[in-house]
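What follows is one structure encoded as structure tokens, with my remarks underneath.
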2 protein chains.
Amino acid sequence: MFVSHRSIEQRVLARLRESGYEITAAQGRVFARIGPDGTRLTELADSAQVTKQTAGFLVDQLVRGGYVERVPDPSDARARLVRMLPRGRLVQERAREVEDEVTAEWTRHLGEPAMATLTQTMGRLREITDPYA
Amino acid sequence: MFVSHRSIEQRVLARLRESGYEITAAQGRVFARIGPDGTRLTELADSAQVTKQTAGFLVDQLVRGGYVERVPDPSDARARLVRMLPRGRLVQERAREVEDEVTAEWTRHLGEPAMATLTQTMGRLREITDPYA
DNA sequence: GACATTTAGTCAGTCTACTGGACTAAAGTG
DNA sequence: CACTTTAGTCCAGTAGACTGACTAAATGTC
């Protein structure tokens with residue numbers, strides 16, 4: 001699991017780098033958890049399973065890279081929402097494309113039914129392995 | 001895949017810590033690749049996909065912890081073998097026990113056949129995702 | 001409505017993992 | 001025997017993660 005995960009992660013990051021987006025694995029893990037309407041730092045930290053400090057540090061870098069912005073949360077003056085910028089959405093799209101490519105490759109190797117079963121099984125496994133979900 | 005992998009890794013490390021073995025994830029990844037007759041640093045580095053420097057750094061820590069030793073490689077005077085010490089073998093045993101526990105839990109959740117399929121599929125996936133194997 | 005507690009996020013300091021580049025010594029190769 | 005490759009080390013630097021201590025706003029309680 002470790003090997004396969006690292007493989008897909010590295011491929012996605014390498015392709016993003018080729019496309020001119022300098023994103024690291026740690027940044028990507030936080031980035032991938034930003035919802036369509038923006039997400040609070042604390043929520044990002046919880047779901048990515050890192051401390052608030054670490055999440056803040058990574059978001060700072062994403063802000064500097066022009067991928068996301070921080071806006072005040074209208075419903076809570078203490079909080080701020082981390083929200084996608086257009087450049088961030090481009091990265092998301094590109095990442096999804098690469099993911100699809102890799103999925104297609106894996107399907108070619110494993111066969112359609114085995115790949116479908118794998119996807120489904122990993123989803124069920126997440127029920128007991130993801131403390132956040 | 002990331003979530004499930006992290007879950008099992010953290011559980012194994014937590015249990016080892018409880019048993020008095022202070023091992024980090026990075027150390028564990030190198031440690032797990034040491035063969036029964038000892039393994040060269042370069043080989044550990046390649047299979048764990050880190051640089052020789054990193055592998056050397058981690059092995060140093062394992063040596064300091066009393067888990068492994070470095071002995072000259074009889075077949076090559078440049079090389080040295082990283083070899084398990086008795087304390088290291090205890091860690092291996094303990095780790096395997098925890099792994100079995102987790103596997104049993106997953107099997108309870110997924111069902112016997114799905115778990116068997118998962119194990120098999122992950123093996124096949126490794127064929128195309130592990131550059132070393 | 002005052003007070004205590006919780007929650008969102010930041011600041012400062014530290015440690016681990018990892019990298020690149022330069023180097024030594026032994027092995028293999030024409 | 002010169003030449004290249006291979007095993008491993010030393011040095012210097014960066015990224016990512018953590019703990020602990022803090023501010024400010026929100027929420028709960030009597």
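Sequence lines set the chain letters: A, B, ... in the order given, protein chains first and strands last, and positions in each chain run from 1.
Glu9(B) has its CD atom 11 Å from the P atom of dA17(C), to the nearest Å. Remark: P of dC18(C) and CD of Gln10(A) are 12 Å apart, rounded to the nearest angstrom. To the nearest angstrom, P of dC15(C) lies 13 Å from CZ of Arg64(B). One can place CD of Glu22(B) at 16 Å from P of dC18(D), the figure rounded to the nearest angstrom. Protein atom CG of Leu13(B) is 14 Å distant from nucleotide atom C1' of dT16(C), rounded to whole Å. Whole-Å rounding puts the Leu44(A) CG to dT7(C) P distance at 18 Å.
A distance-only check finds a donor-acceptor pair linking the side chain of His109(A) to the backbone of Arg124(B) [under 3.5 Å]. The backbone N or O of Ser47(B) lies less than 3.5 Å from a partner atom in the side chain of Arg33(B), making a donor-acceptor pair. Under the 3.5 Å distance criterion, the side-chain polar atoms of Arg87(B) are matched with a main-chain donor or acceptor of Gly65(B).
The side chain of Thr54(A) places an N or O atom within less than 4.0 Å of a non-bridging phosphate oxygen (OP1 or OP2) of dC18(D). Close to dA17(D), at under 4.0 Å from its OP1 or OP2, lies no side-chain N or O of Thr51(A).
At most 12 heavy atoms of other shown residues, nucleotides or ligands fall within 6.0 angstrom of atom CD in Glu112(A). Counting non-hydrogen atoms of other residues, nucleotides and ligands closer than 6.0 Å to CZ of Arg94(B) gives a total above 12.
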Per-nucleotide protein contact string for nucleotides 1-15 of chain D (B base, S sugar-phosphate only, - none; heavy atom under 4.0 Å): -----BSBBB-----

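The residue from Glu105(A), Glu101(A), Glu99(A) that alone fulfils the side-chain hydrogen bond (donor to acceptor under 3.5 Å, both in side chains) condition with Arg11(A) is Glu105(A).
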